[in-house]
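Just below is one structure, and these are the notes that go with it.
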Amino acid sequence: PVVAQQAKQLSIATGGTGGVYYPLAGGFGAILGKEVPGLTVTAQVTGGSVANLQLIGNGKADVAFTQVDAAIDAVKGQDKFTKPIPVRALVVMYPNIMQVVTIEGKGIQKFEDLKGKRVSTGSPGSATEVFGFRVIEAAGLDKDKDMRRERLGAAESANALKDGKIDAFMFVAGVPTSAITDVAATPNVKMMLLDHAHLADKIKEKYGALYSPATIAKGSYPNQDRDARMLAVWNIMAVTESFPEDMAYQLTKIMLEKREDLIKVHKEATNIVPEIQKSANAGIPWHKGALKYFAEKGIKVE
């Protein structure tokens with residue numbers, strides 16, 4: 001009842017409709033509506049992590065789904081953030097995998113073959129763009145000189161690839177991502193995922209241990225006949241430091257304890273478990289409401 005009095009409406013900043021953030025936030029919002037009487041939750045379509053952090057920073061959204069790398073930049077006020085934003089973590093959710101997508105017939109067999117090609121590196125204000133630029137740099141390519149870049153969201157990138165307007169696109173998200181499934185399921189088209197886990201050491205040299213190798217197992221997408229070796233970074237649910245403690249506690253509790261309901265929305269929710277709630281994974285300070293829940297449950301976040 002106290003929580004319901006504090007906030008009748010809650011907005012979660014997500015991403016594009018072709019990714020995972022948006023449907024996951026919609027499902028989480030429905031669960032919150034059942035668990036917290038009188039609370040209405042909306043999932044906002046946005047450009048992605050950077051935009052989400054800016055939205056909670058200026059009070060135009062309450063909760064952000066974001067990648068850890070973008071959250072660290074926000075706290076420090078660097079890269080795409082002109083001033084620090086007091087962002088705090090509630091829950092470490094699941095790993096976001098940088099998926100680099102092309103189709104047969106484009107003359108692209110490996111990541112380095114993107115040189116000279118038309119490539120979408122994600123929406124402006126997205127963590128795809130942040131992560132993507134770092135992978136391109138690690139591969140020894142210049143994002144401005146070595147490719148013709150487009151800045152499209154996942155669904156727009158998928159359509160542009162199928163229509164021959166681009167040669168490849170980058171999108172960082174959970175698996176499966178609906179836009180990539182759309183490409184993979186298109187008749188007479190052979191979707192290919194470009195490996196780039198071999199760049200892990202190079203990217204860690206400059207950005208630390210934020211990024212780690214991950215595998216997209218064969219069969220994760222229609223007609224995907226081999227494992228793909230990618231790089232990944234954690235996703236978190238975040239708020240600002242001034243976000244009400246009681247509500248922060250409830251959001252943390254409900255996401256971790258109602259995981260089975262969330263799995264029905266998207267299978268990435270299977271990865272939202274107490275064992276990954278570590279400071280190293282969150283990347284930024286915890287909100288005091290989350291710490292209260294962790295203390296009650298004996299979850300050690302370091």
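Here the structure is a predicted model, which means the values were calculated and not measured.
- Side-chain contact check for Tyr221 and Gln99: at least one donor-acceptor pair (N or O, by modelled atom type) lies under 3.5 Å.
- Within the model, atoms OG1 of Thr252 and CE of Met255 stand 9.0 Å from one another, a figure rounded to the nearest 0.5 Å.
- When all heavy atoms of Ala71 and Thr66 are compared, the closest pair comes out as N-OG1, 4.0 Å.
- With hydrogens and angles ignored, the 3.5 Å screen pairs a side-chain donor or acceptor of His266 with a backbone N or O of Pro176.
- Around atom NZ of Lys80, more than 12 heavy atoms belonging to other residues, nucleotides or ligands sit under 6.0 Å away.
- For Thr215 (side chain) and Arg229 (main-chain N/O), no donor-acceptor pair under 3.5 Å exists by modelled atom type.
- Here the side chain of Asp167 pairs a donor or acceptor atom with the backbone of Arg118 at under 3.5 angstrom.
- The two residues Met98 and Val172 make their nearest non-hydrogen contact at N-CG2, 3.8 Å.
- Side chain of Thr121 to backbone of Glu129: no donor-acceptor contact under 3.5 angstrom is found.
- In the hydrophobic clustering of this structure, Tyr22 does not group with Ile12; members are Ile, Leu, Val, Met, Phe, Trp, Tyr whose side-chain heavy atoms approach within less than 4.5 Å, directly or through other members.
- Remark: Leu53 CG to Ile85 CD1 distance equals 6.0 Å, nearest 0.5 Å.
- Taking the six-membered ring where the residue is Trp, Phe28 and Phe65 present tilted rings, their angle falling between 30° and 60°.
- Looking at heavy atoms from C-beta onward, Asn281 lies out of side-chain contact with Gln277 at the 4.5 angstrom threshold.
- Annotation for Ala248 and Gly289: closest pair CB-CA, 4.0 Å, computed over non-hydrogen atoms.
- Around atom NZ of Lys204, more than 12 heavy atoms belonging to other residues, nucleotides or ligands sit under 6.0 Å away.
- A donor-acceptor contact shorter than 3.5 Å links the side chain of Arg226 to the backbone of Leu193.
- Judged by distance alone, with hydrogens and angles left aside, the side-chain atoms of His287 form no donor-acceptor pair with the main-chain N or O of Val239 at under 3.5 Å.
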Exercise for review: Give the C-alpha distance, both sets of side-chain angles, the deciding distance and a yes or no for side-chain contact (heavy atoms from CB on, under 4.5 Å) between Val36 and Ile254.
Suggested key: CA-CA 10 Å; Val36 184; Ile254 291 168; 3.9 Å; yes
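- Counting heavy atoms from C-beta on, the side chains of Lys110 and Asp195 never come closer than 4.5 Å.
- Ile136 places a side-chain heavy atom less than 4.5 Å from the side chain of Met147.
- Annotation: side chain of Lys162 is in contact with side chain of Asp182 (closest heavy-atom distance under 4.5 Å).
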Practice item. Could you please spell out the steps behind the side chain to side chain donor-acceptor pair (under 3.5 Å) verdict for Tyr207 and Glu137? Key: CA-CA 11 Å; Tyr207 299 102; Glu137 178 187 39; 3.0 Å; yes
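- A 4.5 Å side-chain heavy-atom check between Met170 and Arg149 finds every atom pair outside the cut-off.
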Point to revise | side-chain contact (heavy atoms from CB on, under 4.5 Å) between Leu39 and Gln250, intermediate numbers included | key: CA-CA 12 Å; Leu39 181 65; Gln250 286 280 22; over 6 Å; no
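- Distance check, rounded to the nearest 0.5 Å: CD1 of Ile180 to CD1 of Ile97 gives 9.5 Å.
- Val119 is not connected to Phe171 by any chain of hydrophobic side-chain contacts under 4.5 Å among Ile, Leu, Val, Met, Phe, Trp and Tyr, and they are in different clusters.
- Lys143 forms a cation-pi arrangement with Phe133, by the criterion of a distance under 6.0 Å to the ring centre and an angle within 45° of the ring axis.
- In the displayed structure, Phe111 atom CZ is contacted under 6.0 Å by more than 12 heavy atoms of other residues, nucleotides or ligands.
- Here Tyr211 contributes atom OH and Arg134 contributes atom CZ; the two are 4.0 Å apart, rounded to the nearest 0.5 Å.
- Here the closest heavy-atom approach between residue Ala238 and residue Ile56 is recorded as O-CD1, 4.1 Å.
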Exercise for review: Apply side-chain contact (heavy atoms from CB on, under 4.5 Å) to the pair Lys190 and Asp225, showing each step before the final yes or no.
Suggested key: CA-CA 10 Å; Lys190 174 61 176 174; Asp225 54 14; 3.1 Å; yes
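- Side chain of Gln224 to backbone of Ala217: a donor-acceptor contact under 3.5 angstrom is found.
- In this structure, Thr102 contributes its side chain and Ala168 its backbone to no donor-acceptor pair below 3.5 Å.
- Contact check for Val68 versus Ile236: side-chain heavy atoms found under the 4.5 Å cut-off.
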Exercise for review: Could you walk me through whether Asn223 and Met191 pass the side-chain contact (heavy atoms from CB on, under 4.5 Å) test, one step at a time?
Suggested key: CA-CA 8 Å; Asn223 306 309; Met191 188 272 287; over 6 Å; no
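- One side chain, Asn52 or Thr46, offers a donor N or O that lies under 3.5 Å from an acceptor on the other.
- The shortest side-chain heavy-atom distance between Leu231 and Phe131 falls under the 4.5 Å cut-off.
- A single hydrophobic cluster is seen to contain both Met230 and Val183, as judged by linkage of ILVMFWY side chains at heavy-atom distances under 4.5 Å, directly or through other members.
- Val233 and Ile216 fall into different hydrophobic clusters, defined by Ile, Leu, Val, Met, Phe, Trp and Tyr side-chain heavy atoms under 4.5 Å apart, directly or through other members.
- Note that NZ of Lys267 is 14.5 Å distant from CG of Leu262, once rounded to the nearest 0.5 Å.
- Closest approach of Trp286 to Ser279, counting heavy atoms only: NE1-OG, 3.1 Å.
- Between the side chain of Ser49 and the backbone N or O of Gln67 there is at least one donor-acceptor pair closer than 3.5 Å.
- Side-chain atoms of Phe81 and Val75, non-hydrogen and from C-beta on, never get closer than 4.5 Å to each other.
- Atom NZ of Lys117 has more than 12 neighbouring heavy atoms from other residues, nucleotides or ligands inside a 6.0 Å radius.
- Taking OG1 of Thr14 as the reference point, atom OH of Tyr21 lies at 9.5 Å (rounded to 0.5 Å).
- Residue-environment remark: NZ (Lys288) stays at or below the threshold of 12 foreign heavy atoms within 6.0 Å.
- Linking ILVMFWY side-chain heavy atoms closer than 4.5 Å, directly or via other members, places Ile108 and Ile103 in two distinct hydrophobic clusters.
- Put simply, the side chain of Asn96 never gets that close to the backbone of Trp234: no donor and acceptor are under 3.5 Å apart.
- Listed here is the closest heavy atom pair of Val100 and His196: CG2-CD2, 3.6 Å.
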Exercise for review: Could you please spell out the steps behind the side chain to side chain donor-acceptor pair (under 3.5 Å) verdict for Glu156 and Asn159?
Suggested key: CA-CA 5 Å; Glu156 295 80 10; Asn159 288 331; over 6 Å; no
